[in-house]
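Please read these numbers as outputs of a predicted model, since none were measured by experiment.
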Amino acid sequence: MRFDGYLYLDPDGGAGWPFQLRGTGPGWGDLVVGGVNVDAGETKVLDVSEKVPEASVKFGRVMVGCTFNYAGLYDPEHEPSAGDRALLPGGIGGIRGDAAYFPQGRDHGGPRQPIAGVRVVLTSEGRCPIVAEAISDANGFFEFTNLPVGPDYKLFAFPPAGWRITNEDREEFIWLLRDKPVDGWLDFIPGDGPLPTQPADCTPPAVVTPAAHGGLASTGANVIGLSGFGAVALLVGAAAVFSTRRRRTPAR
């Protein structure tokens with residue numbers, strides 16, 4: 001059975017991320033015009049090149065994505081796709097947090113009640129390693145600074161008794177911006193609820209030591225790994241679907 005598959009780069013950059021390669025220019029060869037055919041059982045490796053987008057410096061990352069399908073068939077909702085990323089070292093950013101209760105909802109304004117004593121654990125690339133910890137102060141504020149830009153970060157909130165979090169931050173990732181703190185909002189309502197599982201701490205040697213501010217802050221070792229970027233497109237006669245993770249928009 002012949003599999004007339006092809007690989008092409010989405011000209012809209014997938015989700016429209018500004019740090020994603022566009023798949024244009026002579027460095028992409030036949031991928032730019034119609035894709036590359038792959039027979040069943042055949043493997044092709046294509047070395048491609050493109051100038052890293054300017055936004056990659058701001059976000060500390062560059063991404064590439066591709067899509068597989070039968071030749072002549074356009075089905076964007078069911079096309080298997082693959083992607084990868086690389087981090088760009090050098091950028092430093094931070095998270096400026098706010099732990100509070102808004103009876104009418106944060107988006108609707110109204111009165112704000114700060115929640116002091118919330119223990120906030122910051123992790124990198126999922127549940128570990130733990131990067132730093134902070135305690136929200138009397139105004140409900142906390143802050144993490146001196147963080148490498150590029151990796152995915154998560155916040156795990158442990159509120160005092162009588163409060164429960166409404167936004168499941170442990171399921172969302174935070175992208176940092178170079179030289180500009182991003183918001184890490186934590187919304188609470190009265191009542192007791194399940195607490196997140198304490199993230200595992202599998203700390204390798206430190207790269208950069210971040211600082212945490214607010215209340216009784218304490219810091220841990222940052223263990224972010226940084227790598228260069230080289231894009232290689234691997235074409236095979238079958239493809240797997242790569243799931244995407246829900247991410248928080250960094251700029252508000």
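Note that CD1 of I189 is 6.0 Å distant from OG1 of T166, once rounded to the nearest 0.5 Å. Taken from CZ in F158 to CD1 in I135, the straight-line distance is 10.5 Å, to the nearest 0.5 Å. Atoms CZ and CZ, from F141 and R96 in turn, are 9.5 Å apart once rounded to the nearest 0.5 Å. Rounding to the nearest 0.5 Å places CG of D39 at 7.0 Å from NZ of K44.
A distance-only check finds a donor-acceptor pair linking the side chain of S56 to the backbone of R61 [under 3.5 Å]. Judged purely by atom type and a 3.5 angstrom limit, E50 uses its side chain to pair as donor or acceptor with the backbone of R22. The main-chain N or O of V118 is found under 3.5 Å from a side-chain atom of S136 such that the two form a donor-acceptor pair.
Scanning all heavy atoms of the two residues, the minimum distance from L31 to V48 falls at CD1-CG1, 3.9 Å. Nearest heavy atoms, D98 versus F142: N-CE2, 3.6 Å. When all heavy atoms of L176 and P148 are compared, the closest pair comes out as CD1-O, 3.9 Å. Of all heavy-atom pairs between P18 and P53, the closest is O-CB, 3.5 Å. Of all non-hydrogen atoms in W163 and P159, the two that sit nearest each other are O-CG, 3.5 Å. Across every non-hydrogen atom of A100 and F102, the tightest pair is CB-CE1, 3.7 Å.
We find that R164 and D192 are not joined by a salt bridge, their nearest charged nitrogen and carboxylate oxygen being 4.0 Å or further apart. Salt-bridge check for R85 with D152: passed, with a basic side-chain N closer than 4.0 Å to an acidic carboxylate O.
V121 and L195 fall within the same hydrophobic cluster, defined by Ile, Leu, Val, Met, Phe, Trp and Tyr side-chain heavy atoms under 4.5 Å apart, directly or through other members. Both W175 and L177 belong to a single network of hydrophobic side chains, linked directly or stepwise wherever heavy atoms of I, L, V, M, F, W or Y lie under 4.5 Å apart. One hydrophobic cluster holds both L46 and V64 under the rule that ILVMFWY side chains link at heavy-atom gaps under 4.5 Å. No path of Ile, Leu, Val, Met, Phe, Trp and Tyr side chains, each step under 4.5 Å between heavy atoms, connects I92 with V57, placing them in separate hydrophobic clusters.
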- Task: Please test I115 against L186 for side chain to side chain contact (heavy atoms under 4.5 Å, CB included), starting from the C-alpha separation and ending with a verdict.
- Result: CA-CA 9 Å; I115 309 298; L186 300 175; over 6 Å; no
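By the 30° and 60° cut-offs, the orientation of the rings of F19 relative to W17 is parallel.
At least one side-chain heavy atom of L21 sits less than 4.5 Å from a side-chain heavy atom of W28. Side-chain contact between Y101 and R112: absent, with no pair of heavy atoms (C-beta onward) separated by less than 4.5 Å. V182 places none of its side-chain heavy atoms less than 4.5 Å from the side chain of Y153. Between L155 and L122 the shortest side-chain heavy-atom distance falls below 4.5 Å.
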